[in-house]
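Written below as structure tokens is the structure these notes are about.
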Amino acid sequence: MGLREVKTRLNNLDKTEIIKLISEMYKKVPAAKNYLDIYATGDVNELAEKYKKEIEKYVYPSGSNLVLKESEAKKLIRTVRKMKVIELNIELELHYVNCCLDVITDFGYWDENYYLSVDKMFHSAVNGTTELGLVDEYSERLENISARASEFGLELYY
């Protein structure tokens with residue numbers, strides 16, 4: 001079933017049935033719950049903090065078994081991007097970059113593909129700030145990340 005068919009069926013429902021359907025989705029589909037929470041409150045902070053912890057777990061794991069899974073962090077960010085909440089994307093992308101810079105700082109990790117991934121994520125966040133007109137609001141964070149990255153030969157300019 002495509003979007004057109006879904007829209008047709010939704011148009012045939014009354015308001016009570018639509019509210020019931022959305023309530024069921026809220027209870028049963030975590031991604032829908034997350035999206036509706038942001039939709040209802042406009043606040044991305046709570047969800048951003050939840051996802052930031054997951055990103056840290058993948059990019060900079062703790063304990064004796066240091067298995068880096070930055071690909072899982074990138075997968076999480078790609079999934080969140082589908083919600084089209086740009087401010088949330090920016091927060092997660094910048095957090096990912098910071099976590100990667102922590103790994104580089106603490107372990108001297110050097111891998112061209114790793115650096116390219118960090119660069120790509122940083123520029124995605126910069127594009128989001130530009131799209132929302134929030135460059136001034138994020139300029140200090142972007143500058144700090146850029147300066148920190150330059151210590152490792154990474155040129156993260158915005």
Side-chain angles (χ1 to χ4, degrees), residues 1-3 6-7 10 18-63 66-106 109 111 113-152 154-158:
M1 178 181 293
L3 180 59
V6 171
K7 284 182 177 181
L10 289 173
I18 290 173
I19 291 172
K20 182 180 177 186
L21 174 64
I22 292 172
S23 299
E24 286 299 311
M25 289 173 55
Y26 187 87
K27 292 176 193 173
K28 296 178 181 178
V29 182
K33 179 188 182 311
N34 292 336
Y35 182 80
L36 290 169
D37 283 344
I38 292 171
Y39 177 81
T41 65
D43 183 15
V44 300
N45 294 328
E46 186 177 327
L47 191 56
E49 290 307 313
K50 173 189 167 195
Y51 286 137
K52 284 178 180 181
K53 288 177 185 173
E54 286 186 56
I55 289 169
E56 287 174 25
K57 181 179 68 175
Y58 293 132
V59 176
Y60 199 108
S62 61
L66 289 174
V67 178
L68 305 178
K69 297 180 180 179
E70 68 273 354
S71 62
E72 290 296 319
K74 290 188 289 190
K75 181 178 172 184
L76 172 68
I77 292 170
R78 281 192 306 272
T79 301
V80 171
R81 282 178 183 154
K82 292 176 184 175
M83 289 176 23
K84 306 269 189 221
V85 180
I86 298 170
E87 191 173 353
L88 178 61
N89 298 344
I90 294 166
E91 287 298 320
L92 299 182
E93 291 163 349
L94 292 179
H95 187 69
Y96 172 89
V97 171
N98 270 321
C99 288
C100 289
L101 292 176
D102 288 343
V103 169
I104 295 167
T105 299
D106 293 348
Y109 191 67
D111 177 72
N113 288 331
Y114 192 77
Y115 278 22
L116 290 172
S117 176
V118 170
D119 181 67
K120 185 176 178 181
M121 194 69 70
F122 180 78
H123 284 95
S124 178
V126 169
N127 290 339
T129 63
T130 303
E131 186 176 331
L132 293 179
L134 298 174
V135 175
D136 291 340
E137 188 175 313
Y138 280 90
S139 66
E140 186 176 333
R141 282 176 68 187
L142 295 172
E143 268 181 44
N144 291 339
I145 291 171
S146 180
R148 192 168 168 219
S150 70
E151 296 173 19
F152 310 108
L154 273 166
E155 297 179 1
L156 303 179
Y157 299 118
Y158 66 98

Note, Y138 side chain near L132 side chain (heavy atom, < 4.5 Å): no
Taking the side chain as everything from C-beta on, heavy atoms only, tell me whether Y58 gets closer than 4.5 Å to K74. no
From T105 OG1 over to E151 CD, what is the distance, rounded to the nearest 0.5 angstrom? 7.0 Å
E56 bridged to K53 by N-O distance under 4.0 Å: no
Say you draw a straight line from NZ of K52 to CG of N98; how long is it, rounded to the nearest 0.5 Å? 9.0 Å
Give, for atom NZ of K50 and atom CG of N34, the distance between the pair rounded to the nearest 0.5 Å. 4.5 Å
Value rounded to 0.5 Å, distance of CG in L156 from CE in M121: 12.0 Å
Does the side chain of D37 come within less than 4.5 Å of Y26's, by heavy atoms? yes
Of all heavy-atom pairs linking V103 and V59, the shortest is CG2-O, 3.3 Å
Check step by step if side chain to side chain donor-acceptor pair (under 3.5 Å) holds for N113 and D111. CA-CA 6 Å; N113 288 331; D111 177 72; 4.6 Å; no
Could you pull out all residues at least two apart from S146 that satisfy side-chain hydrogen bond (donor to acceptor under 3.5 Å, both in side chains)? none
Would you say E24 has more than 12 foreign heavy atoms packed within less than 6.0 Å of its CD? yes
Show the nearest heavy-atom pair for residues A125 and L94, with the distance to one decimal. CB-CD2, 3.6 Å
Counting only heavy atoms from other residues, nucleotides and ligands, does the tally under 6.0 Å from CD of E140 exceed 12? no
T129 to I90 - nearest heavy-atom pair and separation: N-CD1, 3.5 Å
Let's go through E93 and R81 carefully: what are the C-alpha distance in whole Å and the side-chain angles of both, what is the deciding distance for salt bridge (charged side-chain N to carboxylate O under 4.0 Å, His left out) to 0.1 Å, and is it a yes or a no? CA-CA 10 Å; E93 291 163 349; R81 282 178 183 154; 2.8 Å; yes
Given side chains that start at C-beta, do those of L10 and K7 come closer than 4.5 Å, heavy atoms only? no
Minimum heavy-atom separation for L92 to A48, with atom names? CD2-O, 3.7 Å
Using side chain to side chain contact (heavy atoms under 4.5 Å, CB included) as the criterion, point out the one residue from L154, D102, V97 that pairs with R148. D102
Between R141 and E91, is any pair of side-chain heavy atoms under 4.5 Å apart? yes
Atom of L88, atom of M83 and distance for their closest heavy-atom approach: CD2-CE, 3.9 Å
Sub-4.5 Å side-chain heavy-atom contact between V85 and Y39: no
To the nearest 0.5 angstrom, please state how far the CD1 atom of I55 sits from the CG atom of L76. 5.5 Å
Minimum heavy-atom separation for Y60 to C99, with atom names? CD1-O, 4.2 Å
Would the distance check show the side chain of S124 and the main-chain N or O of K120 forming a donor-acceptor pair, the cut-off being under 3.5 Å? no
Which distance, rounded to the nearest 0.5 Å, do you find between the OH of Y35 and the CG of L47? 12.5 Å
Consider only side-chain N and O atoms of D119 and H123, and report whether a donor and an acceptor are under 3.5 Å apart. yes
Give a yes or no on whether F152 atom CZ has more than 12 heavy-atom contacts from other residues, nucleotides or ligands under 6.0 Å away. yes
More than 12 heavy atoms of other residues, nucleotides or ligands under 6.0 Å from OH of Y115: is that the case? yes
